[in-house]
2 protein chains.
Amino acid sequence: MAYRKTPAEIRRLEAARDHLVVRATEVVAEVGWAQASVTAVADAAGIAAGSVYQHFSSKSALAVEVFRRAAQREVDVLGEVLEGDGDPADRLRRGVEVFARRALENHGLAYALLAAPAEPAVGAERLAFRRRYRGLFAAVIDEGVAADLLPGQDAEITAAALTGAIGEVLVYPLSTSAAHDADRLVAGLSAVALRCAGAAP
Amino acid sequence: MAYRKTPAEIRRLEAARDHLVVRATEVVAEVGWAQASVTAVADAAGIAAGSVYQHFSSKSALAVEVFRRAAQREVDVLGEVLEGDGDPADRLRRGVEVFARRALENHGLAYALLAAPAEPAVGAERLAFRRRYRGLFAAVIDEGVAADLLPGQDAEITAAALTGAIGEVLVYPLSTSAAHDADRLVAGLSAVALRCAGAAP
DNA sequence: GGAACATCTGAATGATGGTTCACTTCTTTG
DNA sequence: CAAAGAAGTGAACCATCATTCAGATGTTCC
């Protein structure tokens with residue numbers, strides 16, 4: 001018998017792949033998709049450019065994995081809150097707040113996920129995740145409408161509007177003083193979001 | 001004396017430049033910024049690739065001009081309505097409706113202006129125009145608040161939210177039936193926008 | 001230790017697409 | 001018309017990266 005991957009070796013490879021994705025995510029958060037060349041990402045992970053192709057069939061595939069992991073975390077967190085306990089309007093408020101706080105804490109990553117120019121494969125992934133955000137928002141809004149806490153409305157449109165509104169406010173710098181005061185920004189944003197859905201003030 | 005540009009010649013050159021920008025705009029609306037190569041644009045305008053550089057110092061410069069002209073038209077139209085007559089909430093509604101109708105009529109261009117991946121120079125221009133949309137919205141909202149037609153709020157945040165909300169709803173396909181019915185989509189969107197600003201229903 | 005095989009390396013390769021430039025074509029003016 | 005100068009052409013040039021691959025280094029197992 002010749003050579004067989006030992007379990008430790010398999011773990012090592014998985015860890016290497018993981019490490020690559022983590023570092024690539026950091027690079028993307030710092031410099032954006034366009035500047036995150038294979039060489040830059042490999043350097044950050046401490047491997048040669050060619051080694052990237054041991055783990056991913058192409059740069060696109062790596063980029064998609066980076067996007068998916070990061071975006072999935074946000075969907076999970078948002079879903080946790082939006083599908084949790086409490087009345088729908090309150091869940092919506094908390095969801096927006098949690099989402100906003102996380103985005104402000106890692107602005108570079110938030111920008112990469114929500115708005116930064118990216119190759120088509122990442123663009124498609126972004127579209128898919130936007131749909132998931134919309135779906136989560138739409139479900140809460142439908143609940144709120146059913147419980148007569150929110151006025152009748154097309155929940156899909158409101159959900160899309162919320163997705164766009166939240167992204168815009170968080171990603172592009174405001175000239176108002178709220179830009180320098182995270183608490184005010186979050187408060188302002190959740191207020192807009194609630195009005196958007198028609199929640200009573 | 002040797003050669004001097006005659007007025008007719010100057011006009012011809014200006015017309016050629018203009019024609020190039022118009023055709024480039026069409027190409028961008030059809031295939032997006034990424035696919036709008038110098039060759040493709042030159043072909044569309046009926047000139048050689050090299051001739052593009054008679055009118056613009058670089059591809060970026062042409063792209064910026066294309067963006068500016070198209071975006072300026074939208075700012076003008078929106079400003080016309082938002083700064084016109086009537087009470088602020090009604091102007092807001094009409095502004096959203098006009099903006100939405102125009103975007104739906106030329107979806108390719110709207111996507112290029114609002115969201116399509118583009119080179120950095122165009123991205124910067126987009127940012128600048130987003131600020132102008134925000135400024136227009138913020139002014140109407142401030143008026144509405146001052147006249148007690150709208151509840152107290154941070155107008156900059158609401159304006160940013162409106163910009164993002166409108167863009168998202170118009171640019172990304174909805175799965176709801178409103179997607180196939182422009183009237184419903186516009187009605188739904190203006191309803192969300194008014195709620196966003198806190199206008200009484 | 002060493003045969004057999006896997007992973008890792010990084011310079012060479014290749015595709016893409018903006019830009020240049022020697023040349024042609026058109027305009028002006030005496 | 002002819003000389004002078006501008007605009008127009010498009011193939012060649014060049015910069016940028018993703019991708020490959022021949023050789024170097026590690027790992028497994030007898």
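The structure displayed is predicted, hence computed values, not measured ones. Naming: A, B, ... by sequence-line order, numbering from 1 per chain. Atoms considered below: every heavy atom in the structure, side chains included; atoms not considered: hydrogens, waters and symmetry mates.
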Among C:dT20, C:dT9, D:dA18, the one nearest B:Y53 by side-chain distance: C:dT20
Proximal nucleotide (of C:dT9, D:dT19, D:dT9) relative to the A:S58 side chain: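 The closest nucleotide is D:dT19.
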Euclidean distance, A:R91 CZ relative to A:L136 CG, rounded to 0.5 Å: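 Nearest 0.5 Å value for the CG-CZ distance: 11.0 Å.
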Comparing B:K59 and A:A16 on DNA chain C - which has the more 5′ nearest nucleotide: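 Final value for this comparison: A:A16.
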What's the [atom1]-[atom2] distance between [X] and [N], to the nearest Å?
{"X": "B:D43", "N": "D:dG8", "atom1": "CG", "atom2": "P", "result": "16 Å"}
{"X": "A:I10", "N": "D:dT28", "atom1": "CD1", "atom2": "P", "result": "11 Å"}
{"X": "B:F56", "N": "D:dG8", "atom1": "CZ", "atom2": "C1'", "result": "16 Å"}
{"X": "A:H55", "N": "C:dA6", "atom1": "NE2", "atom2": "C1'", "result": "12 Å"}
{"X": "B:Q54", "N": "C:dC26", "atom1": "CD", "atom2": "C1'", "result": "12 Å"}
{"X": "A:I47", "N": "D:dT25", "atom1": "CD1", "atom2": "P", "result": "18 Å"}
{"X": "B:E9", "N": "D:dG5", "atom1": "CD", "atom2": "C1'", "result": "12 Å"}
{"X": "B:R11", "N": "C:dT27", "atom1": "CZ", "atom2": "P", "result": "14 Å"}

Contact nearer the 5' end of DNA chain D, comparing B:L13 with A:G50: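 Upstream on the strand: B:L13.
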Polar contact flag, side-chain donor to acceptor under 3.5 angstrom, B:Q153-A:R195: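 Judged by distance alone, the side chains do pair up.
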Polar side chain donor-acceptor pair, A:T163 to B:E168, under 3.5 angstrom: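 Distance-only check fails for A:T163 and B:E168.
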Steps toward salt bridge (Lys or Arg N to Asp or Glu O under 4.0 Å) verdict (B:D90, B:R94): CA-CA 6 Å; B:D90 194 54; B:R94 292 197 332 261; 2.9 Å; yes
Partner set under ring pair (Phe, Tyr, Trp, His ring centres under 6.0 Å) for B:F56, not counting sequence neighbours: none
Residue-level proximity of residues 21-38 of chain A to DNA chain C when a heavy atom falls under 4.0 Å: none
Whether over 12 other heavy atoms sit under 6.0 Å from B:D85 CG: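 Not more than 12 within 6.0 Å, no.
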Side-chain N,O (B:R12) to OP1/OP2 (D:dG8) below 4.0 Å: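 Yes, because at least one side-chain N or O of B:R12 sits under 4.0 Å from OP1 or OP2 of D:dG8.
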Ion pair check, B:E97 and B:R101, cut-off under 4.0 Å: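 Salt bridge between B:E97 and B:R101, a charged N being under 4.0 Å from a carboxylate O: no.
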